[in-house]
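Numbering starts at 1 and runs along the sequence shown. Heavy atoms only: backbone and side chains are in, while hydrogens, waters and symmetry mates are out.
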Amino acid sequence: MKVDLQDSKKELRGYLKAYRICQDQAAEIARQIEKGEVLDAVKDMLLQAKEDFEVHCNAVRLILGYLPKESAMYRVMALRYLQGTKLKAVAERLGYSVGHCANLEAKAIDRLSKNKAAMALMRLKT
């Protein structure tokens, strides 16, 4: 059971980290299509990829929504994963120590990885 929880935490952390990449990729696809830089032969495939990236981003926001919105834990997670801020910069911005922010992040990952509804969001597909 302990191994399963560790695996869940690792999977969740990776899923959350992918938010920024998915957001950037969806925006880049939209930009290329808007500028007419995409061949018709691959346009549908790229639109599907863009939709998949957007589903991922929405799922990440919903997962973080399982944390109390006004909590320090949520603020740390939003800065870390939604905005891609390094832990040291998060600590400076919030006025906490780096260690405290790391503890809040670990507590949030632990809480979310035990939440079946939050974990089910990682398996959403378009």
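Rounding to the nearest 0.5 Å gives a distance of 9.0 Å between SG of C57 and CZ of R20. Rounded to the nearest 0.5 angstrom, D52 CG and L47 CG are separated by 11.0 Å. Put simply, CG on L46 and CD on Q48 are 10.5 Å apart, with the number rounded to the nearest 0.5 Å. The CZ atom of R75 sits 14.0 Å away from the CG atom of L82 when rounded to the nearest 0.5 Å. Atoms CD and NZ, on Q32 and K43 in that order, are 12.0 Å from each other to the nearest 0.5 Å. We find the CE-CG distance between M119 and L112 to be 9.0 Å, quoted to the nearest 0.5 Å.
The local environment of NZ in K107 is sparse, with at most 12 non-hydrogen atoms from other residues, nucleotides or ligands closer than 6.0 Å. Surrounding NZ of K69 are more than 12 heavy atoms belonging to other residues, nucleotides or ligands, all under 6.0 Å away.
Tested against Y19 for a side chain to side chain donor-acceptor pair (under 3.5 Å), the candidates R80, Q83, R61, H56 yield a single pass: R61.
Cluster annotation: L16 is connected to L62 through the hydrophobic network of ILVMFWY side chains, with a link wherever side-chain heavy atoms come within less than 4.5 Å. Under the 4.5 Å side-chain heavy-atom criterion for grouping Ile, Leu, Val, Met, Phe, Trp and Tyr, I109 is connected to L64 within one hydrophobic cluster. Clustering ILVMFWY residues whenever any of their side-chain heavy atoms sit less than 4.5 angstrom apart, transitively, puts V98 in a cluster other than the one holding Y81.
Pairing each heavy atom of M77 with each of L67, the nearest pair is CG-CD1, 3.8 Å. When all heavy atoms are compared, the tightest approach of L121 to Y15 is O-OH, 3.8 Å. Annotation for L12 and S113: closest pair CD2-N, 3.7 Å, computed over non-hydrogen atoms. Minimum heavy-atom separation, Y74 to P68: CB-O, 3.1 Å. Minimum heavy-atom separation, F53 to C22: CB-O, 3.4 Å. Shortest non-hydrogen contact noted between E54 and A26 is CG-CB, 4.1 Å.
The pair E34-R31 does not meet the salt-bridge criterion, since no charged nitrogen lies less than 4.0 angstrom from a carboxylate oxygen.
Between the side chain of T85 and the backbone N or O of L79 there is at least one donor-acceptor pair closer than 3.5 Å.
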